[in-house]
2 protein chains.
Amino acid sequence: MSLEYAILSTLFASPCSGYDLAKQFDGSLGFFWQARHQQIYRALNKLETQGWLVAETIPQQGKPSKNIYALTAAGRAELQAWVQYPCEPPMLKNELLLKLFAGELLSRDCAIAALTRHRQRHCDRLTTYELIAQQDYPDVAQLSLAERMKYLTLRNGIRYERDRLAWCEEAIALLAATPDP
Amino acid sequence: MSLEYAILSTLFASPCSGYDLAKQFDGSLGFFWQARHQQIYRALNKLETQGWLVAETIPQQGKPSKNIYALTAAGRAELQAWVQYPCEPPMLKNELLLKLFAGELLSRDCAIAALTRHRQRHCDRLTTYELIAQQDYPDVAQLSLAERMKYLTLRNGIRYERDRLAWCEEAIALLAATPDP
DNA sequence: CCTGGCATGTAAGTAGTTACATGATTGA
DNA sequence: TCAATCATGTAACTACTTACATGCCAGG
């Protein structure tokens, strides 16, 4: 269900097309929710049928028509209800942990190589997040309540990636320090 | 695909029934991969058809027959190949972040209440993990390589929950400190 | 001339959830 | 008597991915 609400909240910020939504999911929104255009177009149809949004078709020359979607009053009410509704932290699914848990079949070198790759990915993501923080949130004290909430999603990412990075390093050190059997 | 390999690696440790596998997913394995019995039984049939495992049916009185599954040589080879194959860190999907990102529609109290709930969940999980660490891994220096790998999955959980906890607290403090507009 | 951006979709498949179903045994 | 545990499954559905499809325009 969350995809639908992610779309509603993006359209609440400003009406746009399916294509524009897909770009949002490729940007900051994608840091905590992902969706491809196929899924987005399907969801938009469903939401329109439910009466939570309306489309305005804008013909363009040389390009296919653009459908600009906007929230209806019912859509806004739904979104409002959803943000207040309690939710649970998600369960994790992590392939690397599954492989480490297999233990006996994995060589030390192979495990360290995998951890090093992961370390690099987290490092890259962290760099991205920190750059955004610097550019978009230079002075946290000046932020309004709503801006602070958005900022917290970024802080979440920064903390998360730093923590993953630290775990990878701890893990590599622990495996490297294992005496040969 | 990972579910199949999670099953293979559990059966590699020791052959067991679908029911037993489901219990594994309710335990430690569930900390980083989840599956219900319906999904497990379907996957077992698929894996058997592929020739990666074999079933031995054990009749029981008063209970339905038990199917004990064990890896074949082909299954073991597949598992061995999979653990070595590089994988990417998973993308996160987090409903709470989606709600914070909606910002404008969420009241301060509502956000703080949600964060407090999450804080509690992470606190509970952390307690569970730390108890397991104490009981199962009292002396890390003595662990073999394979045991260290398993231990690292637990360390991952401990670090993760501590970090989530810290973020929740940071978030609550930042929202609480917002001056009234 | 070819790539990338704009803009929309269908179709088929995989992964996972929810609901339903059966039936004996054991312990409170 | 009631709930829980053991042990297996089917059916229907939701969520998400991958592959395929169209067609014009702008810029290098």
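Below, all heavy atoms of this structure are taken into account, side chains as well, without hydrogens, waters or symmetry copies.
For B:Phe32 and A:Phe101, the gap between ring centers is short of 6.0 Å. Aromatic ring centres of A:Phe31 and A:Tyr129: separated by under 6.0 Å.
A salt bridge is defined here as a Lys NZ or Arg NE, NH1 or NH2 lying under 4.0 Å from an Asp or Glu carboxylate O, and A:Glu104 with B:Lys150 meets this definition.
Between the side chains of A:Ser17 and A:Asp20, a donor-acceptor pair is found at a separation under 3.5 Å. Side-chain contact annotation: A:Glu95 with B:Tyr5, donor-acceptor N/O pair under 3.5 Å absent. No hydrogens or angles considered: nothing links the side chains of B:Asn156 and B:Thr153 as a donor-acceptor pair under 3.5 Å. In this model, a donor atom of one side chain and an acceptor atom of the other lie less than 3.5 Å apart for A:Glu147 and A:Ser144.
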With the criterion being N/O to N/O and under 3.5 Å, what pairs connect the protein with nucleotides 3-5 of chain C, and how long is each?
none

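Atom pair B:Leu21:CG and D:dC6:P shows a separation of 14 Å (rounding to whole Å applied). Residue A:Gln24 contributes atom CD, which lies 13 Å from atom P of C:dC6 at whole-angstrom precision. Summarising the geometry, the separation between NZ on A:Lys66 and P on D:dC24 is reported as 19 Å, rounded to the nearest angstrom. Protein atom CZ of A:Phe25 is 13 Å distant from nucleotide atom C1' of D:dC16, rounded to whole Å. Going from atom CD of B:Gln50 over to atom P of C:dT14 covers 11 Å, rounded to whole Å. Rounded to whole Å, atom C1' of D:dA7 lies 10 Å from atom CG of B:Asp20.
Of the possible polar contacts, none joining the B:Trp52 side chain to the B:Leu79 backbone as a donor-acceptor pair under 3.5 Å is found.
The phosphate of D:dT8 (OP1 or OP2) has no side-chain N or O of B:Ser65 nearer than 4.0 angstrom. Under 4.0 angstrom from either OP1 or OP2 of C:dG16 there lies at least one side-chain N or O belonging to A:Lys93.
Across the interface with DNA chain D, nearest-nucleotide mapping of A:Met1 and B:Lys23 shows B:Lys23 to be the residue nearer the 5′ end.
Each of D:dC16, C:dA15, C:dG16 was ranked by its minimum atom distance to the side chain of B:Leu3; first place goes to C:dG16.
For residues 31-46 of chain B, proximity to DNA chain D is found at B:His37, B:Gln38, B:Tyr41, defined as any non-hydrogen atom under 4.0 angstrom from a strand atom.
Note: A:His122 and A:His118 have tilted aromatic rings, judged against thresholds of 30 and 60 degrees for the angle between ring planes.
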